[in-house]
Number of protein chains: 2
Amino acid sequence: MKYKEFLDTIAASRLDICRSVFLGYRDEIKIKKEKTVLKNLEKIFDATLKIGIEKGFQAMTMLDLKNVSGLSIGALYSYFSSKEEILRVFLSEGRKIIWQILDELIEKEKDPGAKLESAVEVHLFLTERMHKWFYFSYMEAKNLSPSEKENAVQSELHTEKLIENILIDGQKQGVFIETDHSLAASVIKAMLQDWYLKRGKYAKKNIAVDQYAEFIMSFIKSFYLKRQI
Amino acid sequence: MKYKEFLDTIAASRLDICRSVFLGYRDEIKIKKEKTVLKNLEKIFDATLKIGIEKGFQAMTMLDLKNVSGLSIGALYSYFSSKEEILRVFLSEGRKIIWQILDELIEKEKDPGAKLESAVEVHLFLTERMHKWFYFSYMEAKNLSPSEKENAVQSELHTEKLIENILIDGQKQGVFIETDHSLAASVIKAMLQDWYLKRGKYAKKNIAVDQYAEFIMSFIKSFYLKRQI
DNA sequence: GTCTATACACAGATAGAC
DNA sequence: GTCTATCTGTGTATAGAC
């Protein structure tokens, strides 16, 4: 699959997060008109991402958020009861959307090789589409409450387990080599994460996501595919 | 090389950073007795690392630092003129020590294969030895002033360039395949970084640094070494 | 629904006693 | 050299006008 095709098949944007937040937090949000809420949530999340990536969420003040989002401080507090709440909701709703997409797309393939390729591509494409969110999520996870932090960690581990299972399955079917699949999954995950953690660097090198996907797949395959002797 | 041997050959610890800070900042530090300064700098840096890793440097207050380090607020300010200064000095002096070690150790090998292996091992071992510092440095780089941030980025790129040059050299000598070495260096770097960014995870999996080094070397070699046909 | 003005708390930094 | 007490600025959150 190419990134362009991927974009046509999924709905993953900040607007989708906003809609999900609106539906899930109707009671807590003091404003009731859907159109207004969506519009303003988007402003708030956009501003949070922008400032948060630049100097970190802790360093972001409500005054910063007011200035960048265009909403007044008072208005901000009619959407979220506290600054922490913005972070909590933004990250947890984002994770929800991401898993909806991942679960659906990866299960399509059956052959282990194709499945691995699909997992790698879907991950990269998704992190490309929402790269700011992923970067922010990674950097700010430590600012969450212990229970929310646990959710974030579990989500990470789930990704890794998903890859590991494909690898184990491939070995059982005799197409992949025998090795420490858990460790291999970690390393593959590290390569996937680098795409959104160092996005600026790859942009400077003029590497597009399709190219990165192809490269790391060839890297992984050279290790995992049994050599014809 | 094994990690144990590495430990015998180098001096890289928080104490070395403290000594370097004492020598470099004699004028700014109000306290003059070396023994006292070293003792207290170590307390300050230890506490900074501990709190900083837990909740981020921005979120750390001088009161936190007082409580964990055992020094009073006043005492803290006789070592550093501001909170930001603690971060700046700690990170830049750390980088200084790291590059002293890297430059020295990697140049020893001549054969590209051995050189690559040495670069991978030395990086991993160094980040193992100072893993908290590396994690902290990675997470807090964005809180530095623009010029200091630039230094941090340059240091990162330098590591990558170092790997890339080994790869290019290996291809010229006909032992490595032809590929996008810049991209490969990025991906290898991502694997190296994962070791200190996800240290807790690897500890849980019971993976030691020697084992990790061996695994990613086999991964890299399967891609880079020309296959005998 | 959105704004401004403000209460209240707490941070960083300093001064001066010991 | 180290401490405690305190100044001053700024941040979060709220109340109440529009």
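Hydrogens, waters and symmetry mates are skipped; everything else that's a heavy atom, side chains included, is used.
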Opening and closing nucleotides of DNA chain D in contact with chain B, under 4.0 Å to non-hydrogen atoms
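Listed 5' to 3', the contact boundaries are D:dG1 to D:dT4.
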Using a 4.0 Å heavy-atom cut-off across all strands, classify [X] as base, sugar-phosphate, or nothing.
{"X": "A:T36", "answer": "sugar-phosphate"}
{"X": "B:F80", "answer": "nothing"}
{"X": "B:D64", "answer": "nothing"}

Residues in side chain to side chain contact (heavy atoms under 4.5 Å, CB included) with B:Q154, at least two apart?
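If we apply the side chain to side chain contact (heavy atoms under 4.5 Å, CB included) test to B:Q154, skipping adjacent residues, the hits are B:E150, B:L157.
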Just jot down the side chain to side chain contact (heavy atoms under 4.5 Å, CB included) partners of A:E214, sequence neighbours excluded, or say none.
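Here no residue qualifies.
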Using a 4.0 Å cut-off on heavy atoms, which residues in residues 16-33 of chain A reach DNA chain C? List them by number, or say none.
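Going residue by residue through residues 16-33 of chain A, the ones with a heavy atom under 4.0 Å of DNA chain C turn out to be A:I31, A:K32, A:K33.
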How would you list, by chain and number, every residue that makes a side-chain hydrogen bond (donor to acceptor under 3.5 Å, both in side chains) with [X], sequence neighbours excluded?
{"X": "A:W133", "answer": "none"}
{"X": "A:D64", "answer": "A:K55, A:T61"}
{"X": "A:S20", "answer": "A:E93"}
{"X": "A:Y212", "answer": "none"}

Sequence neighbours excluded - side chain to side chain donor-acceptor pair (under 3.5 Å) pairs with any residue from residues 68-80 of chain A:
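Listed once each, the pairs are A:N40-A:Y79.
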Test of understanding: with ring-ring contact (aromatic ring centres under 6.0 Å, His included), list the residues that count as partners of B:F57, not counting sequence neighbours.
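Result, ring-ring contact (aromatic ring centres under 6.0 Å, His included) vs B:F57: none returned.
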Could you check, using the six-membered ring where one of them is a Trp, whether A:Y196 and A:Y135 have ring centers closer than 6.0 angstrom?
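No.
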In 5'-to-3' order, the base (B), backbone-only (S) or no-contact (-) status of each nucleotide in nucleotides 6-12 of chain C, using a 4.0 angstrom heavy-atom cut-off, is -----SS
Who pairs with A:E148 by salt bridge (Lys or Arg N to Asp or Glu O under 4.0 Å), at least two apart in sequence or on another chain?
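Only A:R88, A:R95 meet the salt bridge (Lys or Arg N to Asp or Glu O under 4.0 Å) criterion with A:E148.
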